[in-house]
Structure formats: C-alpha cells, structure tokens
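Below is one structure, written out as structure tokens, with a few remarks after it.
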There are 2 protein chains.
Amino acid sequence: MEDIFQETDLFEGLSTDQRDKIIKKGFHQVLKPKSILFQQGDPAERFYMVNTGRLKLTKLNEQGKEVIMRYIGAGELTAAITSLKDWEYPLTAESVEDTEVTGWDKAGVLNMIETYPKIAINLLNIVLTRIDDIQHRYLELSTERVEQRVARTLLRLMRSAGLKKTEGILIDLPLSRQNIADFSGTTLFTVSRTLSAWEKKGWIKSGREKITITAPHSLVLFSENA
Amino acid sequence: MEDIFQETDLFEGLSTDQRDKIIKKGFHQVLKPKSILFQQGDPAERFYMVNTGRLKLTKLNEQGKEVIMRYIGAGELTAAITSLKDWEYPLTAESVEDTEVTGWDKAGVLNMIETYPKIAINLLNIVLTRIDDIQHRYLELSTERVEQRVARTLLRLMRSAGLKKTEGILIDLPLSRQNIADFSGTTLFTVSRTLSAWEKKGWIKSGREKITITAPHSLVLFSENA
DNA sequence: CGCTCTATTGATAAACCTCAAATACAGTGG
DNA sequence: CCACTGTATTTGAGGTTTATCAATAGAGCG
C-alpha cells in the first residue's frame, strides 16, 4: 500500500529518532475488530494516533441515529485537541479491524509541544485540514443528491483505504451498505439500489461488506457533474 | 446588548493594555453593509476579528449554490489559521450591516503568538469550538427534518444575535427567508411555510427580513423533540 | 445444515422541492 | 404625500426524491 497522507503528519519536521522517542513515551493499545477505543461523552483523557489498522469515528444524535464522521488509518489522529481541554469526547472511536494505537494524555501533549514546538504547528495544520474537510462535506450534504453523495463517499474511502487489485481498487475495510449510508447521510436501501445500478454499469463490483471500484473515472465524473 | 461569547476570546488571559497594543498593530477596516471582506478562493493573506457589526460566512459549491456556514459578531474570528498556511480562503465573508474589523497578516499572528504564548492556546480553543459546532450541525443536517433544522437555526441566531424586546427576542440582523434557508439547508419556500405556521402558533413574529422569537421555550422543545 | 447477519427489491408514502402567480413591503423621486 | 419600482414573501399545485416497510434471497460461520 502506498503511503498517502491527506494531512500533515504530526511528526513532520522531526527526525526518526525524535519521533521514536515520543512514541515510546505514549500509551500503547491493541484493539481487536469492533472494539470501542473511547465513547462519545466520556471524559477526554487522551488523544490517539493510529499505528496500524483503522478506526471508525461516529457521532450519535439524541434519537440514537448514527453518523460516521470519518475513518482514520495509519498516522492519523483523533481527539487531538479535545484532550487538551478538559472536555468530553465529541464522538465514538471504534476499530473496524485489528488496530494498534498510541495515546498521550494532556501532560504528554504539552510536554511534546514544549520540547518540539514544530508539533504545535503540525497540530494546527491537521486541525485546519479537518475543518476544511468537514465544511466541504457539510456543503455537499446540504446541496447534493443522495447518489452524488454516495459516489463521493466511495471515492473518499477509496483514497484513504484503497488497495490496488487487478479488477480495480478495493476499499480495504469491512464496509456494509449501512456504513456507507451512515457516511453519506442516507439509508441502506438507497445505497443498495444505487450500488446495484452502478454494478450494472460496470463501475463497481461488490460483495458482502466489500466494494471494488472498477471505473474510478466514471465515478469521479458522476460525483462532479450529476 | 449583553456580552455573550460562545467561544474563548482571542485575548483571554491578557491585560487590557496588551490587548489594545495588539489591536493597534492590526489593520483596521470599515465595511458598509453587503460588502465583501474576502472571497472564497482568494489567497488568504489575513485573518480578521470583528469589532462591531456582523459578517456572514458563506461557501459556494461548483453549481453556485450557497450555504451559510455561520454569522460572526463582535470578538469573533474568521480565517484564523487558514492565514497561517499559505492557503486560499475556504469561504466568503460579507458584512450584513455596518461593520468594523481588525486584520492581521501571517507575520502579525506569529509575532502575536511569540509575544503572548497564551494566544496560541486561545486559538486552539477557538478552533476546537468551531469543529465541535460544525460537526454538530453536520449531524443535525444528516439526521433531522427541515422544520427541526429551521428551529435550530433560529435558536442559534437568537443566541448569537438576540436582542431582548418587550414582545420577545429580536434577531438583530437583516435576515431573509432565503438566508434562513441557506443556513438550514432547505429552500426559501419551505422556510416561509414553516415560519407562517409558527407565527399562527404564536411562537414568532416576523416581518420583512426581521424575526422576533416570542416563545423561545416552545421552539427549543420543538427543536429537540420533533 | 441451520442460524444470523447482510443485501436486494418492490410497493407505498412522506417529505420536500420546483415553479407560477399573487401580494406585501420599503424605499425613491416627483 | 403618493405613485412607482424592485425585492421579499406567501400560497397553491404538482412532481421528484428519498424514506419506510415488508418480504425474500444470499453469505458466512459454527
């Protein structure tokens, strides 16, 4: 798999040694698939970085309806600044596969920043990227039709978890119709119908919790113009 | 008007003197109503703080459909960290009334942070509050019905721009049905119908570009339970 | 092989948008 | 002060999109 980071690495500008030193100080944790790392509403004690595997970040509303805010993989952070304030986690983090994370508490972050000020800048960059992303998605949710949003969701997942295969690009995580719906702001039925249509067109191939994008370009065109 | 800030003040923890000194170094600008301060896509040279008046922050999609991301008033910031990177403004800022702003460029911010490190922390807090807010709204947009979202929009505006009057709380900015629609992710027609219904129930009183909330409690109940 | 979870598909209904037409309102210039 | 003009708003009719519900089929696992 290629090393594509959509955002600044937390350790950008630091040497491998410095990086290793910081990681050694962190709190390491291994998660089986479908384990909860932390839950929306819990006091935010630590922030985490994913080493391997993948986390699903979700938010629940009062009626218990779930929305997927994002999936994060190797090198990406969650709850980065929430843990700096004495706040509650604004969302729930759950592993979707075998996952290893490193966590630091408030003192750890402050220490880290003090020793390597560049980290504060990197943090700001990461946060800015997040705001940009969520604002973009807000705009899409507000102005675009369901099928278009589903297309964008698949493309996002492809970029962050895509694995090149002979038939196309496999989205390398267990992904149900319900997951796609929660990520796109629709229902699993609509997603199912949409994917069936795309499969007939030859744009994708799909199985149980598995999707391969066979015609990315068509999907991109559709997501932008339809 | 009361001094209600939903977010940390940029100058929290600083003395009035220090605050004044920083403000004096800024770039001051006076805007007539409906002036553009900066436009989505322009290179982000400065970030701004509102002194008096109010800015509308909007984002356009490729098809030219507009979404209102937020209104900001006295003490609030926009483009805070975008200007730190050499990026483009991700949205457009337009005054909705006579407005005075102070701006600082990248060098100004860095200088500010160096002299008063507390400002970096305040910045992080502000950014965090923003992320929280936009994620909340994303959840709402994704899971709630139009009328509920309109109710939430009115309540948000009430909290940030409410002015106590004898009949109720006036939202103190020129606010068309279209504006409310752009803020709630719907159309002006649906907003109009909704407001008419609420006016019949006695929850609000409305005129041309003007809305007074006469029964805030009912609206809150509705926004949470319906 | 049977159990459970996921996915498909169809029928129906609800929510909401689009478009058209009429009306109300605020300012402007005579 | 009044008519005029340009917006803003209201309301109705009709259509589209999408959700909901129900029933069935398929996949994986012990």
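So that the names make sense, note that chain A is the first sequence line, chain B the second, and so on, each numbered from 1.
- Rounded to whole Å, atom C1' of D:dT9 lies 13 Å from atom CD1 of B:Ile204.
- Residue A:Arg177 places no side-chain atom within donor-acceptor reach of the base of C:dT9, judged by atom type and a 3.5 Å distance cut-off alone.
- Applying the 4.0 Å criterion to OP1 and OP2 of D:dT9, one finds that B:Ser192 has every side-chain N and O outside that range.
- Tested against B:Phe183 for a side chain to side chain contact (heavy atoms under 4.5 Å, CB included), the candidates B:Arg137, B:Met69, B:Lys56 yield a single pass: B:Arg137.
- Put simply, B:Thr186 has no side-chain N or O that comes within less than 4.0 Å of OP1 or OP2 on C:dC16.
- In this structure, B:Glu209 places its CD atom 14 Å from P of C:dC25, rounding to the nearest Å.
- A:Thr82 and A:Glu88 get closest at one heavy-atom pair: CG2-O, 3.4 Å.
- A:Ile180 has its CD1 atom 16 Å from the P atom of D:dT18, to the nearest Å.
- What separates CG of A:Leu175 from P of C:dA7 is a distance of 9 Å, to the nearest Å.
- In this structure a side-chain-to-backbone donor-acceptor pair under 3.5 Å is missing from B:Thr78 to B:Tyr48.
- Nucleotides of DNA chain D nearest to B:Gln178 and B:Arg193 differ in position, and the one nearer the 5' end is that of B:Gln178.
- Atom CG of A:Leu141 is separated from atom P of D:dT18 by 12 Å (rounded to the nearest Å).
- Distances shorter than 4.0 Å separate none of the side-chain N or O atoms of A:Ser176 from OP1 or OP2 on C:dT6.
- Comparing C:dA7, D:dT20, C:dT9 against the side chain of A:Ser196 picks out C:dT9 as the nearest.
- Note on B:Leu188: a base of the nucleic acid sits closer than 4.0 angstrom, heavy atoms only.
- Atom CD in A:Glu144 sits roughly 11 Å away from atom P in D:dT18 (whole-Å rounding).
- Tested against B:Glu140, the residues B:Arg149, B:Arg145, B:Arg156 include a single salt bridge (charged side-chain N to carboxylate O under 4.0 Å, His left out) partner, B:Arg156.
- A sub-4.0 Å separation between OP1 or OP2 of D:dA19 and a side-chain N or O of A:Thr190 is present.
- Between the CZ atom of B:Phe189 and the P atom of D:dG15 there is a distance of 17 Å, given to the nearest Å.
- Ring planes of B:Trp104 and B:Phe11: perpendicular class, angle over 60° (limits at 30 and 60°).
- Applying the 4.0 Å criterion to OP1 and OP2 of C:dA24, one finds that B:Arg208 has every side-chain N and O outside that range.
- In this structure, B:Lys205 atom NZ and D:dT9 atom C1' are separated by 17 Å, rounded to whole Å.
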